[in-house]
There are 2 protein chains.
Amino acid sequence: MKQAHHPELDEISLTAVMAALSDPIRVGLVLLLADGRERGWGELRAPVAKSTLSHHLRVLRDAGITRTRQEGTRCFVVLRRDDLETRFPGLLAPVLAAAECDGVGRQVELAASA
Amino acid sequence: MKQAHHPELDEISLTAVMAALSDPIRVGLVLLLADGRERGWGELRAPVAKSTLSHHLRVLRDAGITRTRQEGTRCFVVLRRDDLETRFPGLLAPVLAAAECDGVGRQVELAASA
DNA sequence: TAGCTTGTTCGTTGTTCATCGAACATCGAA
DNA sequence: TTCGATGTTCGATGAACAACGAACAAGCTA
C-alpha cells in the first residue's frame, strides 16, 4: 500500500479531469464526496468489484479530483474542491448539479456510516 | 453523405459530453466555434487526417455539442450553445475558459476564411 | 460526360479502458 | 503469531477509441 501520487495544482489537466468525469461510477463517487466530508472507502457502495473500485478511485486521484489519505489499513478520500475551484473556476458545480439532476451515478451509494 | 443524427435536448447525456470534451482536438474545435459563428469544415485546420477530423466532428455531433448542416457538398458546423446551456446550465463556459487559459486545443486553428 | 471537391465509411492497427478474480501486502486484533 | 480486514497490484479479456489510408458517394463545374 504505497502512498499514491497526487498531482500538484498546475499538474491538473483539463482533459484528464473531463475524462475522469466521463464515467458514471466516478461521477457518483464525486457526488458522494460533494458535501466535503471525508469518507472511508468502506462507506462507498458501488456495483463493481473492489479492484475495480480501487481503479476508479485511482483515476480520480491521478486526475487531481480527490485526495487520498491512509490511516492504518484504512484509506480515506476527500474531494479537492478548493484546488479544483482554483484551477478551473466554476467547473465543478455545474457538473455536480447536472449529475444530480440527471441521476448520473445514483448507483453509487453510502453504506451505513463507519 | 447521409444526414447525421442529432440528439434531442433530453437525449444529451452528461457523460457523453464529458467524454467528448476529454480530447484536446475536440476541445480545440469547440473553442473555435465558441464565438457562435458557423464554420465550414474547410476552415478547420487540425493536425490529423481528414477521416480522423470527420470522426471527431461526429463525436461532437453525437454528443449533442455541435450541429451539422449540409449545403451541396459542403458541411457547416455550429456550436449548440443554447441547447447546452439549457441542458447543463453553466457547464460550457468554465470549460472553455479553462481550455483557453491552458492552451488546450491550440493545435486546432482557423484557415484563411472560406 | 468527365473530372474535381468534399465528406463519409471501411478495414486495420495500436492504445487505452472497465472489469473481473486471484494473489499479495499491510496493519490491527485475538 | 495467526487470523481477518482492507486495499493494491497483476494478468486477462472484451470493448471502445484514435488514427491512418483507401475506397466510395454526392454534388458542382468545366
Side-chain angles (χ1 to χ4, degrees), chain A residues 1-6 13 15-29 38-63 65-78 104-105 107-108 111-114, chain B residues 1-6 13 15-29 38-63 65-78 104-105 107-108 111-114:
Chain A
M1 261 195 272
K2 66 187 62 164
Q3 264 314 55
H5 171 69
H6 290 84
S13 125
T15 51
V17 169
M18 302 299 280
L21 294 179
S22 68
D23 184 284
I25 289 192
R26 289 195 290 263
V27 171
L29 290 170
E38 186 178 59
R39 299 291 182 180
W41 295 31
E43 299 181 69
L44 309 173
R45 286 283 173 279
V48 292
K50 65 174 181 174
S51 55
T52 305
L53 182 60
S54 181
H55 160 69
H56 283 308
L57 287 164
R58 188 158 108 87
V59 171
L60 287 174
R61 189 203 316 126
D62 287 351
I65 297 177
T66 60
R67 190 179 298 279
T68 291
R69 181 176 64 85
Q70 194 174 347
E71 185 177 298
T73 83
R74 300 241 184 106
C75 276
F76 296 88
V77 61
V78 66
V104 177
Q107 31 180 342
V108 183
S113 81
Chain B
M1 261 196 270
K2 67 187 62 165
Q3 265 312 54
H5 171 70
H6 290 84
S13 126
T15 50
V17 170
M18 301 300 279
L21 294 179
S22 68
D23 184 285
I25 289 192
R26 288 194 292 260
V27 171
L29 291 169
E38 184 178 61
R39 299 291 182 182
W41 295 32
E43 299 181 67
L44 309 173
R45 286 283 174 277
V48 293
K50 66 173 180 173
S51 55
T52 305
L53 181 62
S54 180
H55 159 69
H56 283 306
L57 287 165
R58 187 157 107 89
V59 172
L60 288 174
R61 188 200 319 126
D62 288 349
I65 297 177
T66 59
R67 190 179 298 278
T68 290
R69 183 176 63 87
Q70 194 174 346
E71 186 177 297
T73 84
R74 301 240 184 107
C75 276
F76 296 89
V77 61
V78 66
V104 177
Q107 32 179 342
V108 183
S113 81

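Owing to the predicted nature of the structure, the values given are computational and were not obtained by experimental measurement. Throughout, a chain's letter reflects where its sequence line sits, starting with A, and its residues are numbered from 1.
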CZ of B:Arg39 versus P of C:dT6: gap in Å, rounded?
-> 17 Å
Taking atom P of C:dT26 as reference, at what distance in whole Å does atom CH2 of A:Trp41 sit?
-> 17 Å
Smallest separation among heavy atoms of B:His6 and B:Thr68, with atom names = NE2-N, 2.9 Å
Evaluate side chain to side chain contact (heavy atoms under 4.5 Å, CB included) for B:Ile25 paired with B:Thr52, printing each intermediate quantity in order.
-> CA-CA 10 Å; B:Ile25 289 192; B:Thr52 305; 5.9 Å; no
Atom CG of A:Asp62 and atom P of C:dA18 are separated, to the nearest Å, by 12 Å
How close or far is atom P of C:dT6 from atom CD of B:Glu43, stated in whole angstroms?
-> 12 Å
Think A:Arg74 has a side-chain N or O under 4.0 angstrom from the OP1 or OP2 of C:dG28?
-> no
Nearest-Å distance, CD (A:Gln107) to C1' (C:dT19)?
-> 13 Å
Given side chain to side chain contact (heavy atoms under 4.5 Å, CB included), test A:Leu57 with A:Leu29 step by step and report yes or no.
-> CA-CA 8 Å; A:Leu57 287 164; A:Leu29 290 170; 4.0 Å; yes
Rounded interatomic separation in angstrom, taking CG from A:Asp23 and P from D:dC17 = 12 Å
Determine the minimum heavy-atom distance between A:Cys75 and A:Gln70, stating which atoms define it.
-> SG-CG, 4.1 Å
From CD of B:Glu71 across to C1' of C:dT6 the rounded distance in Å is 13 Å
Please determine, for the side chain of B:Cys75, which listed nucleotide (D:dT8, C:dT8, C:dC27) has the closest atom?
-> C:dT8
Nucleotide nearest A:Arg61 when distance is taken to its side chain, options D:dC20, D:dT8, C:dG7 | D:dT8
Sorted by number, residues from residues 49-58 of chain B placing a heavy atom under 4.0 Å from DNA chain C are B:Lys50, B:Ser51, B:Ser54
Hey, mind stepping through A:Val77 and A:Leu44 against side chain to side chain contact (heavy atoms under 4.5 Å, CB included) and telling me if it holds?
-> CA-CA 10 Å; A:Val77 61; A:Leu44 309 173; 4.3 Å; yes
What is the pairing partner of C:dC10, taking Watson-Crick or G-U wobble pairs with both distances under 3.5 Å in any strand?
-> D:dG21
Taking all non-hydrogen atoms of both residues, which atom of A:Pro24 and which atom of A:Gln107 are closest, and how far apart?
-> CB-NE2, 3.6 Å
Looking at the side chain of B:Arg26, which of D:dG7, D:dT6, D:dA18 is the nearest nucleotide?
-> D:dA18
Find the distance B:Leu21:CG to D:dA18:P and express it as a whole number of Å.
-> 12 Å
Exercise: identify the closest heavy-atom pair between A:Ala63 and A:Ala20 = CB-CB, 3.9 Å
